[in-house]
**Student:** 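Please see the structure below; I have some questions.
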Amino acid sequence: MENSHAPRLAGRREWTALGVLMLPLLLVSMDISILYFAIPYVSQDLEPSATQQLWILDMYGFVLAGLLITMGALGDRIGRRRLVLAGAAVFGAASVAAAYAHSADALIGVRALLGLGGAALMPSTLALIRNLFHDARQRGRAVTIWTGVMTTGISLGPVVSGLLLEHFWWGSVFLINLPAMVLLLVLVPFLVPESRTGGPDTSREPFDLVSAALSLAALLTVIYGVKEWARHGFAPVPAAAVALGPVLGYVFVRRQKRFAHPMIDLGLLGRRAFGGPVFANLLAMFATVGMAVFLTQYLQSVQGLSPFEAALWSLVPASGVIVAAPASAILAQRTDRAYVMGGAFLFSAAGFFWLTQVRADSALWFCLAAAALYVGGLVAAMTLANELAIGAAPPERAGSAAAVLESGQELGGALGMAVLGSVGAAVYSRDMADALPAGVTAALPGGQADAVRETLGGAAAAAARLPEETAAGVLTAARDAFTHGMGLASVGAAVVMVGAALFSFVALRGTAGPGTENGDRGPEGVVKGGDLARAQTGAVK
């Protein structure tokens with residue numbers, strides 16, 4: 001009989017399987033940002049309206065976020081390896097269709113299919129880590145790699161896009177997905193064992209399509225409302241969407257209590273070792289995504305770098321991850337993970353406070369060093385949170401647990417972009433209303449004058465139509481206003497990170513001690529992931 005205190009160690013086969021699973025994860029996360037620099041070429045070719053252009057950018061993320069819970073539950077039921085293979089097939093086929101889309105509406109529809117394939121891939125890759133790596137230390141390293149690949153993909157998307165667009169047409173940003181998907185379809189059946197929810201009753205139950213629709217609608221309405229509110233200010237429709245989302249979520253949760261095998265294990269979500277990391281990750285993504293747009297615009301529009309140069313420099317903050325992630329993993333073996341997570345959040349808060357000192361004329365290294373500090377802290381905290389949550393989930397619920405974790409991340413990112421973006425936009429508009437040089441408003445048509453007051457990009461476009469001296473004044477004022485807004489948004493991010501640190505210290509203390517698997521019993525006396533997993537029968541087939 002296997003000693004429960006000596007879990008089987010993963011070998012070369014498992015680590016090779018992890019490497020194969022990271023390929024689709026990298027590409028799925030890259031697709032979130034890969035169109036940022038390609039959209040001008042798409043607009044020139046397909047001539048979308050302003051509304052269609054927004055949907056081209058947002059449809060992928062909307063569908064991806066909305067279907068994570070459904071796909072996580074589906075993977076638990078039909079098998080996570082099977083769902084990975086199906087997701088790879090859909091993602092690959094949709095990539096070809098996107099590359100050769102002949103209209104804006106067609107591209108929007110295909111982006112939705114890409115989101116469907118991505119939603120099948122993301123929770124399954126994280127859930128399979130729970131089944132490939134039984135040893136807590138090895139699983140911690142695997143989760144660190146998973147988190148690093150996911151965040152790197154989001155940063156790498158614009159870089160790959162910029163490189164491909166220098167030599168090929170815009171459809172090439174989608175075709176790069178094909179080799180990885182083909183490799184996945186070939187190798188996964190040989191390297192990754194199948195795993196699904198145990199018990200014969202589960203497979204005989206009909207899949208709950210009503211709950212799937214409710215979870216999708218709850219997330220999409222909130223994300224849509226928050227994004228529209230941030231772009232256009234208060235309006236009845238976005239406000240109603242934000243209010244409707246929690247109502248649908250409440251109906252979804254009430255419905256889950258009626259089923260023996262729900263999409264979301266409410267008992268697991270209420271456990272500190274799982275629900276706590278989910279909330280911590282939401283706060284981390286709030287700051288990560290909320291500040292990413294500021295850094296990209298600062299490099300390109302304030303520092304004056306080309307899109308490709310800005311994309312390359314935006315990778316420099318990843319150097320903080322190289323130091324922070326291994327250091328946090330080592331510390332987590334020697335002290336309570338809650339303290340390490342809290343310290344990592346304070347680390348990121350220090351980076352955000354540093355960012356408040358960045359000015360329009362600051363040296364490039366000064367901004368990048370601040371970004372490296374907060375990125376390192378955030379990725380370290382997210383890695384530990386992912387490890388803690390996945391370790392707390394029993395193997396037979398790993399898919400739905402991973403989906404809940406990632407849904408929280410997507411929601412946190414949408415809220416961060418909306419709230420922090422709104423802070424920066426409000427400060428920019430107020431400063432520009434006071435600082436515009438005399439005569440600028442009169443020299444521009446009404447629409448262009450409004451664009452100068454609303455965005456830094458609008459000010460740069462308008463300046464090209466003004467006399468040189470006036471244009472210089474507009475750009476100086478706009479860059480100063482933007483960095484002022486970025487600074488106040490950084491204050492907001494820093495305050496949230498301090499709150500996340502306090503939450504980690506207080507709420508997560510004792511959920512996982514040094515060098516232990518999350519299955520140990522904590523001070524609450526609850527059975528956590530490892531013990532619960534061992535108590536299940538027929539958990540993994």
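Here, residue 1 is the first one in the sequence, and each next residue gets the next number. All values below come from the heavy atoms of this structure, side chains included, with hydrogens, waters and symmetry mates left out.
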**Student:** Is the F505 ring parallel, tilted or perpendicular to the Y339 ring (thresholds 30°, 60°)?
**Tutor:** tilted

**Student:** Taking the side chain as C-beta and beyond, is there a heavy-atom pair between L299 and L368 under 4.5 Å?
**Tutor:** yes

**Student:** Within the side chain of R81, is there an N or O that forms a donor-acceptor pair under 3.5 Å with the backbone of P189?
**Tutor:** yes

**Student:** Compare every heavy atom of V302 with every heavy atom of F482, then report the nearest pair and how far apart it is.
**Tutor:** CD2-CG2, 3.8 Å

**Student:** Closest approach of A369 and W354, non-hydrogen atoms and distance?
**Tutor:** CB-CH2, 3.6 Å

**Student:** Looking at CG of L420 and CZ of F294, how far apart are the two atoms once the value is rounded to the nearest 0.5 Å?
**Tutor:** 6.5 Å

**Student:** Nearest 0.5 angstrom please: L378 CG to F345 CZ, how far?
**Tutor:** 7.0 Å

**Student:** Set out, in order, the CA-CA distance, both residues' side-chain angles and the distance that settles side-chain contact (heavy atoms from CB on, under 4.5 Å) for V375 and M291, then state yes or no.
**Tutor:** CA-CA 10 Å; V375 168; M291 291 304 299; over 6 Å; no

**Student:** Should T221 and V242 count as side-chain neighbours, where that means a heavy-atom distance under 4.5 Å?
**Tutor:** no

**Student:** Quick check for you: to the nearest 0.5 Å, what is the distance between Q357 atom CD and T483 atom OG1?
**Tutor:** 11.5 Å

**Student:** Look up atom OH in Y298 and atom CH2 in W313, then write down how far apart they are to the nearest 0.5 Å.
**Tutor:** 13.0 Å

**Student:** Might you confirm whether atom OH of Y250 has over 12 heavy atoms from other residues, nucleotides or ligands at distances under 6.0 Å?
**Tutor:** no

**Student:** Tell me if a side-chain donor or acceptor on T288 pairs with a main-chain N or O of A284 at a distance below 3.5 Å.
**Tutor:** yes

**Student:** Are P277 and L384 packed together at the side-chain level, in the sense that at least one heavy-atom pair is separated by less than 4.5 angstrom?
**Tutor:** no

**Student:** Could you measure the distance from the CZ atom of F347 to the CG atom of L373? Nearest 0.5 Å is fine.
**Tutor:** 4.5 Å

**Student:** Is there side-chain contact between M71 and L116, with heavy atoms separated by less than 4.5 Å?
**Tutor:** yes

**Student:** Could you report the tightest heavy-atom contact between V63 and G115, atom names first, then the distance?
**Tutor:** CG1-C, 3.8 Å

**Student:** Checking Q303 side chain against S362 main chain: does a donor-acceptor pair fall under 3.5 Å?
**Tutor:** yes

**Student:** What are the two closest non-hydrogen atoms of T356 and G487, and how far apart are they?
**Tutor:** CG2-O, 3.4 Å

**Student:** For residues N281 and A385, report the shortest heavy-atom separation together with the two atoms involved.
**Tutor:** OD1-CB, 3.8 Å

**Student:** Can you tell me how far the CZ atom of F286 sits from the CE atom of M497, to the nearest 0.5 Å?
**Tutor:** 8.0 Å

